[in-house]
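Structure, as structure tokens:
Side chains included, hydrogens not; waters and symmetry mates left out as well; all remaining heavy atoms used. Naming convention: chains lettered A, B, ... in sequence-line order (proteins, then strands); numbering from 1 in each chain.
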Amino acid sequence: MPVTITLLDGSEREYHDGVTGYDIATDIGPRLAKAAVAVTVDDAMYDLHRPIAQDAVVSIVTENTEAGRHILRHSAAHIMAQSVLALFPGAKFAIGPAIDDGFYYDFQVDKPFTPEDLVRIEAKMREIVAADQAFDRGELKLSEAIEVFSDQPFKREIIEGVDSGEGVGSDMVSVYRNDGFIDLCRGPHIPSTGRLKAFRVTRSAGAYWRGDEKKPQLQRIYGTAWESKKALDAYMVRLEEAAKRDHRKLGAELDLFSFPSELGSGLAVWHPKGGILRRTVEDYSRRTHAAFGYDYVVTPHIAKAGLWETSGHLRFYRDGMYPAMVLDAGENRKGEEYFVKPMNCPFHILIYKSRSRSYRELPMRLFELGAVYRYERSGVLHGLMRARGFTQDDSHIFTTEAQLGAELQSLLDFVLMVLRDFGFDEFEADLSTKPEKGIGDPELWVRAEEHLASALQSADLPYQVAPGEGAFYGPKIDIHIRDAIGRRWQLSTIQLDFGNPENFELEYTSSENTRERPVMIHRALFGSVERFIGILTEHYAGAFPPWLAPVQVTVVPVADRHIEYANSVAEVLGSQGIRVEVDTAVETVGEKIRRAITQKHPFVLVVGDSDVESGTVGMRVRGEDVEERGILLDEAARRIAEIVAPPR
RNA sequence: GCUGGCGUAGCUCAGUUGGCCAGAGCAGCCGCCUUGUAAGCGGCAGGUCAUGGGUUCGAGUCCCAUCGCCAGCUCCA
């Protein structure tokens with residue numbers, strides 16, 4: 001019986017029953033057939049050599065697409081499992097999916113894999129690839145499958161968990177076989193192992209079965225696979241590029257900050273240059289907050305246990321807090337417990353509560369650069385990105401419910417404006433809605449979520465709804481940015497809170513002279529100043545925009561006799577608020593220039609005899625590999641001042 | 001917290017199966033050179049080999065613990 005195949009361009013072709021994706025690809029063109037790894041048949045993915053029995057819309061999946069690489073990587077995972085089972089006969093294998101840029105497979109083995117084991121595994125994989133074994137698809141009844149995988153507990157657990165809807169047909173699962181190796185798998189796979197051309201086994205690490213800390217820890221081996229050697233190489237280069245931007249490395253190279261081990265993990269000290277960077281970011285933040293209706297407040301670092309009981313932190317978050325300091329304990333006195341703050345909210349709430357509030361005062365926006373301390377688990381620490389001590393640019397806004405919509409809208413505009421000022425222009429947002437156990441009036445949740453959504457829409461911000469992902473006390477918006485190399489970072493959060501106004505019994509007097517409960521908005525824009533600077537460092541690879549650069553200008557005297565003039569140049573620039581250094585080192589001009597460039601200073605001014613004589617400078621601008629000679633000092637100062645001016 | 005890897009000078013690293021001297025480059029300091037756009041030359045100094053214990057005739061090297069770092073897992077209210 002012939003079947004009609006509709007291609008993506010809408011054209012139709014007739015084939016005999018049992019035609020395969022490979023046949024169709026070959027029919028379209030030999031190059032397509034060569035690049036094909038699988039085929040989509042209506043909504044399903046088929047192996048290239050699986051017969052198509054019915055009329056269908058078909059498209060060929062080639063190896064140089066994300067979908068194609070996904071298949072390649074998944075097949076690579078199978079080959080990895082096959083290799084591990086061959087080399088470590090008792091190994092139990094769990095799951096092995098494709099992930100972004102690669103794949104992994106989880107194993108239970110007696111001893112964790114050593115780096116040498118990984119080398120052997122990769123070598124074994126190459127043998128299997130060289131043998132070019134065909135992947136054969138098969139279907140088994142659940143009972144048969146359990147038999148086949150009788151000595152593989154993880155596979156059995158998966159099979160036993162298969163719902164009738166999930167497998168193939170009602171009580172069937174699909175398996176793939178190549179050579180003697182068989183794995184439970186939905187497929188599809190590349191036609192044969194020889195198609196895996198460019199791959200590498202990269203590392204191993206522990207991982208919990210089903211991602212659950214309480215379940216056994218397995219050994220996960222990661223790998224990467226690409227459609228060609230060239231694509232693999234490009235990936236490795238990309239990794240190197242990312243490593244070069246690592247803020248921990250640049251932080252040391254540019255002398256911004258360090259993490260002295262004497263302090264304890266996750267606690268940074270900021271060096272003078274990092275201090276300038278921070279101060280510049282913080283000054284900008286204070287300035288813009290003041291200009292947009294925020295009141296700047298300051299609160300202490302510690303508070304008594306009672307405050308944290310009211311806020312709920314001690315109940316829900318105690319493990320994340322530095323432990324109590326017990327003060328004034330005596331023979332007959334229990335003493336008082338103090339905790340270092342992991343958050344600023346309760347303090348701002350106390351400011352709100354310090355006297356009775358009128359609706360006329362709302363929205364009330366309190367802003368603080370508040371240092372907080374959280375006892376993060378040691379394994380999650382990551383430079384400035386995840387530290388134990390950090391500074392939140394923290395705001396708490398108290399509004400009436402009627403004001404909520406307008407407030408969220410202007411708040412979102414404010415957030416985006418600030419992020420744009422720092423050079424980010426690609427944003428995505430998540431809107432997290434009411435979870436099962438969300439507290440408070442469900443109607444309020446609905447209205448609040450609508451306000452959040454319409455704020456996102458009016459800001460023209462693309463967003464995804466994360467149903468049920470909100471905190472128990474309110475829905476929220478998270479804003480992500482993309483950095484210069486396409487990585488996504490979560491920065492700002494706007495979090496509604498229906499809980500704390502209750503806990504702390506917040507009120508305001510309405511125009512009708514009734515007592516009402518305000519809505520509270522938590523809002524961090526950078527998240528943490530430290531983390532934000534970490535992200536800026538990686539985004540700009542250390543070459544900060546001129547207004548943020550710790551040193552904006554280096555003046556290089558050609559010879560000792562020009563130092564005096566160089567100093568006077570620095571003085572002129574410095575008097576205009578430009579951050580300038582004179583490099584008086586006994587070195588060649590070339591060396592001093594190189595130093596300034598390596599340190600990513602935006603401007604280098606070289607001064608020699610002719611400049612002393614005519615009051616000029618030679619100027620070199622970062623990123624432009626040319627120098628301009630004989631610019632009048634005033635002119636140079638004017639140009640530099642213009643470029644280093646903060647955005648607002 | 002868990003699994004694995006790691007910790008030698010300020011930085012990047014070398015130190016063969018435990019053994020005679022713990023080394024190099026860069027940075028630093030001191031000289032010389034007085035320089036015009038990405039590394040001038042020479043010299044000096046710098047390490048209780050993360051810390052503490054152990055094995056051994058002998059430990060940077062082997063074992064244990066602690067601290068710290070890296071990757072991943074889990075976590076991020």
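Nucleic acid contact class of A:A207 (heavy atoms, under 4.0 Å, all strands): sugar-phosphate only. At a threshold of 4.0 angstrom between heavy atoms, the contacts of A:Y222 are confined to the sugar-phosphate backbone, with no base atom among them. At the heavy-atom level, A:R561 lies under 4.0 Å from the strands shown only through sugar-phosphate atoms. Across all strands shown, A:R248 has heavy atoms under 4.0 Å from sugar-phosphate atoms exclusively, and none from any base. Residue A:E376 is out of contact with every strand shown, counting any heavy-atom pair closer than 4.0 Å. Backbone-only engagement by A:S265 is indicated by non-hydrogen atom pairs under 4.0 Å involving sugar-phosphate atoms exclusively. At the heavy-atom level, A:R220 lies under 4.0 Å from the strands shown only through sugar-phosphate atoms. Using a 4.0 Å heavy-atom cutoff across all strands shown, A:H382 reaches sugar-phosphate atoms only and no base atom.
Across the C1' atoms, B:U12 and B:G7 are found 14 Å apart, a figure rounded to whole Å. Of the P atoms belonging to B:A59 and B:U51, the separation is 15 Å, rounded to the nearest Å. Here, B:C33 and B:A39 have their C1' atoms 16 Å apart, quoted to the whole Å. To the nearest whole angstrom, the two C1' atoms, one in B:C75 and one in B:C2, are 12 Å apart. Distance noted for atom C1' between B:G60 and B:C6: 14 Å (whole Å).
Side chain to side chain, A:Q108 and A:W209 fail the donor-acceptor criterion of an N or O pair below 3.5 Å. A:H480 and A:E428 share no side-chain donor-acceptor pair at under 3.5 Å. Side-chain contact, A:H271 with A:S258: a donor N or O sits under 3.5 Å from an acceptor N or O.
You'll find that the side chain of A:R594 is closest to B:A39, out of B:A77, B:A39, B:G68. The side chain of A:Y208 has B:U74 as its nearest neighbour among B:A71, B:U74, B:U37. Comparing atom distances between the A:A205 side chain and each of B:U37, B:G1, B:A71 picks out B:A71 as nearest.
Looking only at distances, no side-chain donor or acceptor of A:H348 sits under 3.5 Å from a matching main-chain atom of A:F367. A donor-acceptor pair under 3.5 Å links the side-chain atoms of A:K353 to the main chain of A:F504, judged by distance alone. Between the side chain of A:D497 and the backbone N or O of A:M520, no donor-acceptor pair lies under 3.5 Å. No donor-acceptor pair closer than 3.5 Å links the side chain of A:E213 to the backbone N or O of A:Y208.
The cationic atom of A:K341 (NZ for Lys, CZ for Arg) lies less than 6.0 Å from the six-membered ring centre of A:F347 and within 45° of the ring axis. In this structure, A:R318 fails the cation-pi test against A:F339, since its NZ or CZ atom is not both closer than 6.0 Å to the six-membered ring centre and inside 45 degrees of the ring normal.
Nearer to the 5' terminus of RNA chain B, by closest-nucleotide assignment, is the contact made by A:S610 (compared with the other of A:G211 and A:S610). Toward the 5' end of RNA chain B, the nearer of the two residues A:A471 and A:L218, judged by each one's closest nucleotide, is A:L218.
Within residues 611-631 of chain A, the residues having any heavy atom under 4.0 Å from RNA chain B are, by residue number, A:D611, A:G618, A:R620, A:E627, A:R629.
The base of B:C2 lies close enough to the side chain of A:Q217 for a donor and an acceptor atom to sit less than 3.5 Å apart. The base of B:A71 has none of its N or O atoms less than 3.5 Å from a complementary donor or acceptor on the side chain of A:R203. Checked by distance alone, A:R386 brings a side-chain donor or acceptor within 3.5 Å of a matching partner on the base of B:C75.
We find that the ring of A:Y317 and the base of B:A77 stack, their centres lying under 5.5 angstrom apart and their planes tilted less than 30°.
Among A:L381, A:V380, A:L263, A:V372, the one residue that satisfies the side chain to side chain contact (heavy atoms under 4.5 Å, CB included) test with A:R388 is A:L381.
Look at CZ on A:R377: it is 13 Å from C1' on B:U3, rounded to the nearest Å.
Taking only side-chain nitrogens and oxygens, A:T588 comes nearer than 4.0 Å to OP1 or OP2 of B:G40.
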Dot-bracket assigned to RNA chain B with the 3.5 Å Watson-Crick/G-U criterion, [ ] for crossing and | for other-strand pairs, is (((((((..((((.....[...)))).(((((.......))))).....(((((..]....))))))))))))....

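Classification of the A:F532-A:F526 ring pair by plane angle, with boundaries at 30° and 60°, yields parallel.
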